[in-house]
**Q** 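Handing you a structure now.
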Amino acid sequence: MALMASKINLLSCFASTNPKNPPAFLISKFHKTAASSLHANTAKRSLSTFVYSPVSSLLKQFNHKASIENLQKINIKKVKNILVSHRDDPFESLEMINALQGLGIDLHYQYEIDQTLHMIYKQGTQFCGRDLREIALCFRLLRQEGHYIQESIFENILDKKGKFKNDPKNDVKSLIELYEASQLGIEGEETLDGLKEFTFNRLNELCSGRESHQEREIMSSLVQPCHTNLRRLRSKRFISMIKIAGLEDKEWLQSLLRLAEIDSIMLKSLIQEELSQTFKWWRELGLEKELKKARNQPLKWYTWSMEILQDPTLTDQRLDLTKPISLVYIIDDIFDVYGELEELIIFTQVVERWDHKGLERLPRYMKVCFEALDMITMEISMKIWKSHGWNPTDSLRKSWAILCKAFLVEAKWFNSGYLPNTEEYMKNGVVSSGVHLVMLHVYFLLGEELTREKVQLIESNPSIVSSAATILRLWDDLGSAKDENQDGIDGSYVECYLNEHKGSTIDEARTHVIKKISKAWKCLNRECLNPRQFSKSFSKACLNIARTVPLMYSYDDDQRLPKSLM
């Protein structure tokens with residue numbers, strides 16, 4: 001059950017978080033329109049109103065990596081100068097920051113972005129924007145960077161009944177930005193909840209059923225809001241949104257697009273290099289020979305690492321993180337597919353005690369798996385010790401024992417035919433998702449704030465981690481198809497809910513699940529606001545693992561990830 005995904009209809013599930021479901025045509029059109037809007041051909045149509053000179057042809061003349069890196073440095077400096085030159089215009093600065101983030105090149109300018117947003121945040125309610133879109137954009141960008149700007153910023157544009165004083169009617173760019181801002185709400189923010197409901201319904205109404213670029217972009221926003229979407233998918237969509245956002249006449253846009261294209265080329269090269277190392281490591285590990293029924297998916301395992309740790313400089317950390325992620329899948333298969341209950345009990349005891357002697361009572365495939373687990377844990381621990389002066393061995397071993405015990409609980413439930421209540425199921429399911437174990441590895445691999453107090457906190461599965469785990473577990477349980485032809489049978493929150501609430505329908509259960517996912521996102525949003533318990537890098541990694549979940553549900557019938565990611 002850990003880190004798994006089954007295919008589901010993203011839009012139909014998402015729509016149920018809102019009081020009114022979208023029109024039927026919106027759901028039926030999703031697969032052929034919203035998904036395709038992420039591809040380059042849509043982007044080209046939206047950019048047809050202004051001249052953009054691609055750098056692809058220019059890069060072809062370079063024969064080595066150093067030349068491309070030099071071109072990147074030149075363009076990074078050029079864009080930085082543009083940023084500085086617009087510093088006195090807060091509204092233009094917001095547009096540029098939004099474009100930098102939308103194109104996925106903001107990592108080069110984090111210092112400048114932090115300075116600008118901090119300045120705007122200090123101005124407080126004095127900065128309220130010139131129109132609805134600017135107010136919403138300001139709110140979203142500040143909250144994304146952790147600034148706790150209150151929802152009261154929207155009270156000036158709403159009357160006492162919660163309706164707009166000046167109804168945006170068919171102002172698509174303002175409605176989309178207001179809807180995007182509502183995604184960063186936290187528990188108890190009724191104004192933002194109302195804003196989400198209003199903009200969702202109004203945007204649905206604007207989708208009249210006719211094919212148009214604008215309608216495709218509206219659907220993309222409804223299905224994949226920026227805050228809950230991955231950086232690279234977001235950048236493809238941003239390019240196609242330039243015209244709707246009214247940015248096509250900005251003089252600085254070409255410089256940003258040129259840098260984004262260079263970055264994209266370099267990133268693809270980096271991904272290929274890291275994938276090559278990942279496949280080589282997996283072949284040499286040899287587990288696929290011992291566990292032929294277990295999943296053999298190094299591409300998927302690496303994709304988790306790539307999306308959780310997106311900074312291009314974190315190659316070593318991504319490669320190391322892929323290793324425990326692969327073992328989460330493999331050990332999950334041992335519990336779901338291979339092991340007899342008596343063997344699983346012994347295996348869990350071996351991991352809990354980290355006892356090599358106990359291996360004598362286990363079949364060969366379990367011995368090989370534990371030996372691989374022991375080797376990988378020691379290798380990662382030694383690297384962290386050398387790099388950051390902290391030995392995480394005990395913490396990592398405990399996390400594997402906790403995961404195996406959660407797997408064992410599920411195995412016992414299934415073996416006895418016991419169906420837990422929803423609370424009991426989720427308490428165990430959050431752990432068996434594997435998210436806590438993965439994020440514990442992320443915490444140590446980043447090497448930030450390594451203190452006894454923070455280590456104890458991360459070991460306790462804090463809210464910032466458990467909320468991401470809740471999102472993954474519930475998304476997993478919404479799936480209606482078995483994952484990748486596995487023979488094992490897992491329980492489901494939906495099944496537990498239906499058993500607990502006699503007479504409820506599957507649709508009612510799924511609506512309940514989606515509401516719980518929405519609540520978990522609000523919790524995660526709250527944990528990422530200042531003051532944070534963890535570093536900004538770790539907080540973003542927690543957001544990223546939650547953002548990666550829907551991606552893992554969008555592979556096709558042949559279990560291939562979307563081509564737009566590779």
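Note that the structure is predicted; figures quoted are calculated from it, not measured.
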**Q** Does a donor on one side chain and an acceptor on the other come within less than 3.5 Å for D476 and Y493?
**A** no
**Q** Ignoring hydrogens and angles, tell me if any N or O in the side chain of S399 forms a donor-acceptor pair with the backbone of L396 under 3.5 Å.
**A** yes
**Q** Answer yes or no: is there a donor N or O on one side and an acceptor on the other, between the side chain of R547 and the main chain of H227, under 3.5 Å?
**A** yes
**Q** In sequence, state the C-alpha distance, the side-chain angles, and the governing distance for D477 and K516, and then conclude on salt bridge (charged side-chain N to carboxylate O under 4.0 Å, His left out).
**A** CA-CA 12 Å; D477 289 351; K516 287 184 69 69; over 6 Å; no
**Q** Please say whether the positively charged group of R526, taken as NZ for Lys or CZ for Arg, lies over the ring of Y148, i.e. under 6.0 angstrom from the six-membered ring centre and within 45 degrees of the axis.
**A** yes
**Q** Using a strict threshold of under 4.0 Å (side-chain N to carboxylate O), is an ion pair present between R532 and E527?
**A** no
**Q** Going by atom types alone, do S432 and E410 pair a side-chain donor with an acceptor below 3.5 Å?
**A** yes
**Q** Check the orientation of F370 and F347. Use parallel for under 30°, tilted for 30 to 60°, and perpendicular for over 60°.
**A** perpendicular
**Q** Over 60° means perpendicular and under 30° means parallel, so classify the ring planes of W400 and H441, tilted if in between.
**A** perpendicular
**Q** Do the side-chain N and O atoms of T278 and T322 include a donor-acceptor pair separated by under 3.5 angstrom?
**A** no
**Q** Pairing donors with acceptors under 3.5 angstrom, does anything connect the side chains of T505 and D507?
**A** no
**Q** Do W282 and N296 have side-chain atoms, one donor and one acceptor, less than 3.5 Å apart?
**A** yes
**Q** Looking only at the side chains, is there a donor atom on one of S221 and R237 sitting less than 3.5 Å from an acceptor on the other?
**A** yes
**Q** Side chains of T315 and E274: any donor to acceptor distance under 3.5 Å?
**A** yes
**Q** Hey, mind stepping through D332 and R295 against salt bridge (charged side-chain N to carboxylate O under 4.0 Å, His left out) and telling me if it holds?
**A** CA-CA 10 Å; D332 183 38; R295 280 163 288 189; 3.2 Å; yes
**Q** Do the ring planes of H512 and H501 sit parallel (below 30°), tilted (30 to 60°) or perpendicular (above 60°)?
**A** tilted
**Q** Any salt bridge linking D320 with K383? Criterion: basic side-chain nitrogen under 4.0 Å from a carboxylate oxygen.
**A** yes
**Q** Given side chains that start at C-beta, do those of R473 and V435 come closer than 4.5 Å, heavy atoms only?
**A** no
**Q** For E145 and Q101, which I'm curious about, is there any donor-acceptor pair between the side chains at under 3.5 Å?
**A** yes
**Q** Salt bridge check: are R364 and E290 linked by an N-O gap of less than 4.0 Å?
**A** yes
**Q** Could K196 and E151 be called an ion pair, given the rule that one side-chain N must be under 4.0 Å from one carboxylate O?
**A** no
**Q** Ignoring hydrogens and geometry beyond distance, is a side-chain donor-acceptor pair present between T548 and E307 at under 3.5 Å?
**A** no
**Q** Can a side-chain donor-acceptor contact be found between Q144 and R140 if the only test is distance below 3.5 angstrom?
**A** yes
